[in-house]
Number of protein chains: 2
Amino acid sequence: MKIRVDVMLKNGVLDPQGKAIGHALGNLGFSGIGDVRAGKVIELDLAETDSAKAIEAAKQMAEKLLANLVIEDFKVSVI
Amino acid sequence: MKIRVDVMLKNGVLDPQGKAIGHALGNLGFSGIGDVRAGKVIELDLAETDSAKAIEAAKQMAEKLLANLVIEDFKVSVI
């Protein structure tokens, strides 16, 4: 079962990567760009076939390794 | 309008970050983990209010800056 974990910086946490992307897009001539946020996505191929159990396992993985819960939020979904 | 751009390595391109995450999860005691792929997500807040035009603009941004089309695929969606 394929699981997707999205990890984004929490609202209010400064996102220098996003800011740099926003500036670079402006320099390339794109206009009308407001806030830009950059995050990570991790796609996991799990042997677990029960979707509830797979999601629960992925949540534990996110809490223990994939996300830094002090500054990041994560979201788990089945793909 | 908020647009989300997902950037993942193409299938067949070696993903050392994903491999490292897979190994680290194994070391933490998680089992049944197959392939792991790591990618980026960029959320853009665009002034454009027409969704078709916003998606088109985001595609151009992805082609010009956000994704390396030699090794990466991208997907644009409205959030």
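To find a chain, count down the sequence lines: A is the first, B the second, and so on, and within it residues start at 1. Heavy-atom basis, side chains included; hydrogens, waters and symmetry copies ignored. Predicted model only: the values in this text are computed from it and were never measured.
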Check: every donor-acceptor pair under 3.5 Å linking chain A and chain B:
unit_1, atom_1, unit_2, atom_2, d
Arg4(A), NH2, Asp6(B), OD1, 2.7
Asp6(A), OD1, Arg4(B), NH2, 2.7
Gly32(A), O, Ala47(B), N, 2.7
Gly34(A), N, Asp45(B), O, 2.6
Asp35(A), O, Asp45(B), N, 2.9
Arg37(A), N, Glu43(B), O, 2.9
Arg37(A), O, Glu43(B), N, 2.8
Gly39(A), N, Val41(B), O, 2.7
Gly39(A), O, Val41(B), N, 3.0
Val41(A), N, Gly39(B), O, 3.0
Val41(A), O, Gly39(B), N, 2.7
Glu43(A), N, Arg37(B), O, 2.8
Glu43(A), O, Arg37(B), N, 2.9
Asp45(A), N, Asp35(B), O, 2.9
Asp45(A), O, Gly34(B), N, 2.6
Ala47(A), N, Gly32(B), O, 2.7

Original post:
According to a 4.5 Å side-chain heavy-atom criterion applied to Ile, Leu, Val, Met, Phe, Trp and Tyr, with indirect links allowed, do Val13(B) and Val70(B) form part of one hydrophobic cluster?
Top reply: yes
Original post:
Mind checking who shares a hydrophobic cluster with Val41(B), ILVMFWY linked at side-chain heavy-atom distances under 4.5 Å?
Top reply: Met8(A)
**OP:** Each residue besides Leu28(A) in its hydrophobic cluster should be listed here, by chain and number; the cluster joins Ile, Leu, Val, Met, Phe, Trp and Tyr at side-chain heavy-atom distances under 4.5 Å.
**Re:** Ile21(A), Leu25(A), Phe30(A), Ile33(A), Val36(A), Met1(B), Ile3(B), Val5(B), Val7(B), Ile42(B), Leu44(B), Leu46(B), Ile55(B), Met61(B), Leu65(B), Leu66(B), Leu69(B), Phe74(B), Val76(B), Val78(B)
